[in-house]
Amino acid sequence: MLKPLSQYLTEQAAPDRLRQLILAVADACRDIGHAVNTSALDGVQGALNQENVQGEVQKQLDVIANDMMLEEKRWGGVDGQGLVAALVSEEMEEIYPLKGGEFLLVFDPIDGSSNVDVNGVVGTIFSILKAPVGKVTEADVLQSGRHQVAAGYAIYGPQTTLVLTIGKGVSAFSLDQKSGDWLMTVPAMTIPATTREFAINMSNHRHWAAPVRRYIDECLAGKTGPRGADFNMRWLASMVGDVHRVLTRGGIFMYPVDSRKGIGKLRLMYEANPIAFLIEQAGGVATDGVNPILDIAPEALHQRVGVVLGSREEVERVTAYHKEG
Ligand code: P6P
């Protein structure tokens, strides 16, 4: 019998209320995954004629998944006293106060939602922080990624899998669709230090800074180039999908700052930080191109950041190229 998520959390001596919260997040991901799976049947694919705080056209599932996360009964805890003081979502401009609890839950309810209509992989990304005593302000949420208590994602692909860290490594739990249980399928995910596989949206090549173009062009030069090896490329247009591959077999994932807006595309609080926590816990490196993502002091709830993460030696090469200029 594969180990259930609940048993893993007990064995890892997760504090009881954190354990309850992680199990509640897992339940929410199971429900969101089901909504993704039936979205064509339910006729809820496609876009709404409204934008989110990011200025991005919202998909129906973005809103449906966000609404599922806002159901306060999910976060009451077994004693009904409340586990979460406030929710923060990619889909909501402001923090969403709840009746109280010792944690903050920060999330992207559907990452990669443009993939839903084409039956591509999507996911839910979450980050758990400690809440202040009393009323939660935006400043209370703006904690660096080093303060995360737990983080993870659910990936809705051929399997529905929850990937989690509570600061003691990274484990993967696959959903048993019949029982509804999350069962451990990978006890410890580790990222090889080297790779011959990169993930980046090549159509942005002309917008990249010189160090990024240098790194990618050397990969493309293959055996006869300065790297002396051929590289492979993957790009799923779903951070969760590309990151899951990096955690499973290594690789480097890049969404660098580019010249169009001088900022990155990915969001710090509910994409880069939780993923960076997982990557570091799995022995990889996660930077904004130069500095560790987890060290960034957030200045705004929906702040964007450049992202370069994965196999240590490759990420460190990109950092070195930035420092050489
Ligand atoms: P592009 C999805 O919209 C997302 O936020 C990430 O999941 C993904 O890695 C990236 O954007 C894809 O961006 O520009 O290739 O569509």
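When a ligand or atom number is given, it counts from 1 through the structure's own listing order. These numbers come from the heavy atoms of this one structure, side chains and all, not from hydrogens, waters or symmetry mates. In this text, all values refer to a predicted model and were calculated from it rather than measured experimentally.
The nearest pair of heavy atoms linking Gln148 to Phe277 is NE2-CB, 3.5 Å.
Here the protein heavy atom with the shortest distance to atom 8 (C) of ligand 1 is Met239 N, 3.5 Å. Of the protein's heavy atoms, Tyr255 OH, 2.6 Å lies nearest to atom 14 (O) of ligand 1.
Taking the centre of each ring, Phe253 and Trp235 come in below the 6.0 Å mark.
With atom 3 (O) of ligand 1 as the reference point, the heavy atom nearest to it among Arg304, Lys265, Glu271, Met202 is part of Lys265.
In summary, the atoms of ligand 1 found under 4.0 Å from a heavy atom of Asp111, numbered by their order in the structure, are 5 (O), 6 (C), 7 (O). Per-residue contacts place Asn201 under 4.0 angstrom from the following atoms of ligand 1 (heavy atoms of the residue considered): 1 (P), 14 (O), 15 (O). Every atom of ligand 1 is numbered from 1 in the order shown, and the set under 4.0 Å from a heavy atom of Arg267 is 5 (O).
For a threshold of 3.5 Å applied to N or O pairs, the pair formed by Phe253 and ligand 1 contains no separation below that value. Taking only nitrogen or oxygen atoms, main chain and side chain alike, Asn204 does not reach within less than 3.5 Å of ligand 1.
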Determine, step by step, whether Thr194 and Glu313 satisfy the side-chain hydrogen bond (donor to acceptor under 3.5 Å, both in side chains) criterion, reporting the C-alpha distance in whole Å, the side-chain angles of both residues, the deciding distance to 0.1 Å, and the verdict. CA-CA 6 Å; Thr194 61; Glu313 290 186 16; 5.4 Å; no

Let's go through Gln20 and Asp16 carefully: what are the C-alpha distance in whole Å and the side-chain angles of both, what is the deciding distance for side chain to side chain contact (heavy atoms under 4.5 Å, CB included) to 0.1 Å, and is it a yes or a no? CA-CA 6 Å; Gln20 290 181 46; Asp16 181 56; 2.8 Å; yes

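Only the side chain of Leu266 comes within 4.0 Å of ligand 1, judged by heavy-atom distances. Residue-level proximity to ligand 1 for Glu56 is absent, since no heavy atom of it falls below 4.0 angstrom.
Between the side chains of Tyr255 and Glu271, not a single donor N or O lies within less than 3.5 Å of an accepting N or O. Between His147 and Ser144, the side chains place a donor N or O and an acceptor N or O closer than 3.5 Å (distance only, hydrogens not considered). Side chain to side chain, Ser127 and Asn273 fail the donor-acceptor criterion of an N or O pair below 3.5 Å. Inspection of the Arg19 and Thr10 side chains reveals an N or O donor paired with an N or O acceptor under 3.5 Å.
Proximity of Ser114 to ligand 1 is not established, as no heavy-atom distance is less than 4.0 Å.
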